[in-house]
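Report on one structure; see the data block that follows.
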2 protein chains.
Amino acid sequence: MKLSVKVDYACRVLVQLTRMHGRAELAHIEELARLEAVPANYLVQILSELRNGGLIMSRRGKQGGYALAKRPEDVSLYDIVKLIEGDVLELGGAIEGQSGKSVARAWREVRTALEEKCREITLAQLAVRTGEEMYYI
Amino acid sequence: MKLSVKVDYACRVLVQLTRMHGRAELAHIEELARLEAVPANYLVQILSELRNGGLIMSRRGKQGGYALAKRPEDVSLYDIVKLIEGDVLELGGAIEGQSGKSVARAWREVRTALEEKCREITLAQLAVRTGEEMYYI
DNA sequence: CCCCTCGTGAAACTCTCCGTAAAAGTTGAT
DNA sequence: ATCAACTTTTACGGAGAGTTTCACGAGGGG
C-alpha cells in the first residue's frame, strides 16, 4: 500500500504554486518541473487533471501559465488525493464470503479516520513549513 | 489509492480462522476458500505468506490444515497489512524538489494516524462482529 | 506403499503507472 | 495578417505489480 508518485508530484507542485500565489506572472511548466524535480512531460498530464478538477487555472498564449484557483487554506490533502487517485482506500474486489461484511466495515472505519486526517492538512500549512528544519517523529 | 484484493482475502480468511479457533481439527484450504469466496490456488500463496509471517501455523499430511498461531486479540489489521503489503502508505519516489520534505512530512503524519487506527482493530473484534446488522455511518 | 494434504515455483494474463512524443489549438506581439 | 511562444490534447509503449491458474515436489498418516 504505497501512495503513487503522481500524487506526490501533484502535492509538490501545488505547494510550489502556493508559494508563488501573490506573484504577478503565471508559473510555467518548465519552471515548476525544475523547482520540484518532476518530469516536465509527465507534469503536463498532472496539471491537466488538476485544472479539470478546479484546483488550478491556466492561461494559454505567450504570457500563459498556471496559478492556484482557490485560496491555499481551502485546498486540503484530501482534495488532491481524491482528485488524482479517486476514492481513498476503496475496496478492490467484491464483498463476499462469511466475513466479507465485517472486514469491509472495519476498512470503512479506517478510511474515515484517514480522510479526516487528510482534511486537516492544507496547502497553506504545507507552504509555510517549507524550509523549516525537519525533525523525525 | 485502493487496497488490494489480496489483503482483503487475507483478512477474511483470518477472521474465519478466528471463528474456528476452539475447534479440534485444523481448517483445510478448500474449506476456507469456499467459506470466504477466495480462489483456492491463490489462497495457497496467501496462507504461505501468513505462515512465514508467523500469524498462522500449518500441518501437512492426512490430518493437516491451518490454524491461528496467536490469540485473536493479539493480531491487528496493522499486522496483516504490514505483512501482506509491506509498509503502509510508503512514499513511492524520492524526496526531491523544494517542497519534497514538506510534503513527505505531511504524509508521515497521515501514515501515523492510519497505523494507529489499524492497530486498534483486532481479529477478535472482527470475528465477534460477523453476522451483526450493518449500519452505514 | 498409497493417499491426502500442504509447499513452491513459474507461466500467463490483465491492468495501472510512469514517461515520451508528436500534433493541434490558443494567445499575444510585430 | 502573420509569426512565434506557449499550452492543450491525444496517442503510444515499456515496465512493473496484482491476480489467477497450473504443475510438480514434499511430508505425514493409514
Side-chain angles (χ1 to χ4, degrees), chain A residues 1-13 17 24-34 36-54 56-67 69 81 83-87 89-94 96-97, chain B residues 1-13 17 25-34 36-67 69 81 83-87 90-94 96:
Chain A
M1 188 160 58
K2 66 181 177 220
L3 52 92
S4 70
V5 179
K6 191 177 184 178
V7 77
D8 188 41
Y9 287 167
C11 291
R12 298 220 293 255
V13 168
L17 285 174
E25 319 93 44
L26 299 178
H28 295 182
I29 283 196
E30 286 301 332
E31 187 181 10
L32 292 170
R34 182 169 38 79
E36 296 298 342
V38 177
N41 290 322
Y42 190 27
L43 183 54
V44 167
Q45 292 178 32
I46 298 173
L47 288 172
S48 179
E49 288 186 40
L50 293 176
R51 197 186 95 86
N52 292 337
I56 64 177
M57 54 80 64
S58 67
R59 233 178 90 191
R60 295 200 246 203
K62 189 152 186 180
Q63 274 135 11
Y66 295 90
V81 174
L83 182 59
I84 298 292
E85 304 220 8
D87 264 335
L89 271 191
E90 72 180 319
L91 196 47
E96 295 175 316
Chain B
M1 188 160 57
K2 66 184 179 212
L3 53 91
S4 69
V5 180
K6 190 176 183 179
V7 76
D8 188 41
Y9 286 166
C11 291
R12 298 219 294 257
V13 168
L17 284 174
E25 319 92 43
L26 299 178
H28 294 181
I29 282 195
E30 285 301 331
E31 186 181 12
L32 293 170
R34 182 170 37 79
E36 295 298 342
V38 177
N41 290 320
Y42 192 25
L43 183 54
V44 170
Q45 295 176 35
I46 298 173
L47 289 172
S48 180
E49 289 186 40
L50 293 177
R51 195 186 93 89
N52 293 336
L55 294 188
I56 63 177
M57 54 78 66
S58 67
R59 242 179 79 190
R60 295 200 250 204
K62 188 144 192 181
Q63 274 134 11
Y66 295 91
V81 174
L83 182 59
I84 298 292
E85 305 221 7
D87 263 336
E90 70 180 320
L91 196 47
E96 293 174 320

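Just so we're on the same page: letters track the sequence lines, and every chain starts at 1.
- For the pair A:E85 (side chain) and B:M1 (backbone), a donor-acceptor distance under 3.5 Å is present.
- Mapped onto DNA chain D by nearest heavy atom, A:R59 and B:A40 fall at different nucleotides, with A:R59 at the one closer to the 5' end.
- In this structure the side chain of B:L32 reaches within 4.5 angstrom of the side chain of B:L47, judged on heavy atoms.
- Protein chain A contacts DNA chain C from C:dC18 to C:dA29, reading 5' to 3' and using non-hydrogen atoms of the protein with a distance under 4.0 Å.
- B:R51 places no side-chain N or O within 3.5 Å of a backbone atom of B:Y66 that could act as its donor or acceptor partner.
- Distances from the side chain of B:R60 to the nucleotides D:dT20, D:dG25, D:dG18 place D:dG25 closest.
- When distances are taken from the side chain of B:K62 to each of D:dT19, D:dT7, D:dG29, the shortest belongs to D:dG29.
- In terms of heavy-atom proximity, A:A69 sits nearest to A:M57 at CB-N, 3.9 Å.
- The side chain of B:Y9 lies closest to D:dT20, out of D:dT20, D:dG30, D:dT7.
- In this structure, the CG atom of A:N41 is 14 Å from the C1' atom of D:dC6, given to the nearest Å.
- Put simply, CD1 on B:I29 is 14 Å from P on D:dT21, counting in whole angstrom units.
- Side chains of B:I46 and B:V13 form no contact here, defined as non-hydrogen atoms less than 4.5 Å apart.
- Looking at B:K6 and B:Q45, their side chains never come closer than 4.5 Å, going by heavy atoms from C-beta outward.
- When side chains are defined from C-beta on, A:I29 counts as touching A:V44, because their heavy atoms get closer than 4.5 Å.
- Listed here is the closest heavy atom pair of A:R12 and A:A37: NH2-O, 3.6 Å.
- Between B:A27 and B:L17 the shortest heavy-atom distance is CB-CD2, 3.8 Å.
- Residues of residues 42-52 of chain A having a heavy atom closer than 4.0 Å to DNA chain D, listed by number: A:V44, A:Q45, A:S48, A:R51.
- Residue A:L26 contributes atom CG, which lies 14 Å from atom C1' of D:dA5 at whole-angstrom precision.
- Whole-Å rounding puts the B:K6 NZ to D:dT20 P distance at 11 Å.
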